[in-house]
Amino acid sequence: MSRTYRIAVIGGDGIGPEVTDAGLCVLDAAEKRFGFRTERTSVDWSAEKYTTGFRVTQEMIEPLRSYDAILLGAIGHPDAPRGLPEADIIFGLRRGFDLYVNLRPIVLYDDRLCPLKGRSTKDVDIVVVRENTEDVYGRPIEVEAEGTPDEAVWSKMIFTRRGTERIVRYAFELARTRPRKRLTLVDKANALRLQDIYRRVLEEVGREYPDVEHDAMYVDACSMWMVLHPERFDVIVTTNLFGDIITDLGAAIVGGLGTGASGNIHPGKVSVFEPIHGSAPKYTGQGVASPVGAIGALALMLDHVGERDAAKAVDRAIREGFSSGRIKGVEAGSGRTMDVAAGIARTVTEGT
Ligand code: IPM
Ligand code: MG
């Protein structure tokens, strides 16, 4: 019986469509080698369209629920109304489909990519589990006395028991599958007293995972430790806002935004996979953007739909690309987008 998955593809803006195509070329190779199929539907949404008044509504997002997964390129355009495409499309998908896990591996593919002195691939192997539906993120704003010296604006920062528990539990489960079995909660519970809920839930849920060592750290200290002692971290669980910030820092210590991939996941349900870089307007259409982040996102997607061997093969092929020197770097221009993808696809086909 053939395994068939329905994939929606949102190329989006700028380099998004190019790197997504590169990912699909690797997906072709994975299908042939591992004997599954995908039916792909392209969805034509972008921030650029917002410059002409186009909007993506929850009604338009809803039909994507029936897919197995969604591959996303990048959303962002300099002339689009700030925050609107992000709110509609990115938060629309994350909140609309309750994608409560934002999974962001911080993996050093090659020693050459690390800007930290004396560090090598064995020192940086972190997975950040960012809560993806709560916090102050994308919340409505309230305004008082607008335009006067007394103007005040505020939003609610909300953490629920259910939301906290499920993300902490996901992180413990993940930590349990990794050799070091270590989980660190990152918060700011000393200044944001409401984040004590994370501390309490960590201790409670932690009792069910005696095999996983856990601790907690403030986000400012974490930022320092990630640079000075990245080897200290295995799995990190954190809130939406802090997860956004520390994963850019994480990307920086493994070679820049070009390497990173992320999954917006609800286990067992439709989930969204994307590179963490943006639309990079100045490189659009030149075929020079690195597809490594998009291909990493493809690997996460394959794992999510249950094609674990294919996921591992894609991941190994990326690593082999760097170790053989065929992939020179992840800066735009360090290689042609499609050449890099074709090399990885070939490795997937032939095996490593
Ligand atoms: C990310 C991005 C988004 C976020 C932006 C584009 C709204 O920075 O996925 O990390 O803040 O979540
Ligand atoms: Mg971000």
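Counting starts at 1 for both ligands and their atoms, following the listed order.
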Ligand 1 N/O within reach of R94 N/O, cut-off under 3.5 Å: yes
Intermediate values then yes/no, salt bridge (charged side-chain N to carboxylate O under 4.0 Å, His left out), R316 and E320: CA-CA 6 Å; R316 273 200 309 273; E320 200 275 333; over 6 Å; no
Which residues share a side chain to side chain donor-acceptor pair (under 3.5 Å) with R119, sequence neighbours left out: E231
Intermediate values then yes/no, salt bridge (charged side-chain N to carboxylate O under 4.0 Å, His left out), D98 and K269: CA-CA 9 Å; D98 197 25; K269 298 202 175 151; over 6 Å; no
N240 and its side chain to side chain donor-acceptor pair (under 3.5 Å) partner, picked from R94, E134, R130: R130
Shortest protein heavy-atom distance from atom 2 (C) of ligand 1, along with the residue and atom involved: D244 OD1, 3.9 Å
Protein-derived N, O or S atoms lying under 2.8 Å from the Mg ion (ligand 2), waters excluded: 1
E86, R104, H277: member with heavy atom nearest to atom 9 (O) of ligand 1: R104
Heavy-atom donor-acceptor pair, S279 side chain to I75 backbone, under 3.5 Å: no
Shortest protein heavy-atom distance from atom 7 (C) of ligand 1, along with the residue and atom involved: F91 CZ, 3.7 Å
Aromatic F159 / basic R200 pairing, under 6.0 angstrom, 45° off normal: no
Which residues share a side-chain contact (heavy atoms from CB on, under 4.5 Å) with R55, sequence neighbours left out: Y50, L84, D88
By ring-ring contact (aromatic ring centres under 6.0 Å, His included) - contacts of H266 (at least two apart): Y100
Protein contact of atom 11 (O) of ligand 1 - nearest heavy atom, named by residue and atom, plus distance: Y137 OH, 2.5 Å
Heavy-atom check, side chain of K181 versus side chain of Y209, under 4.5 Å: no
Sub-4.0 Å protein heavy atom near atom 5 (C) of ligand 1: no
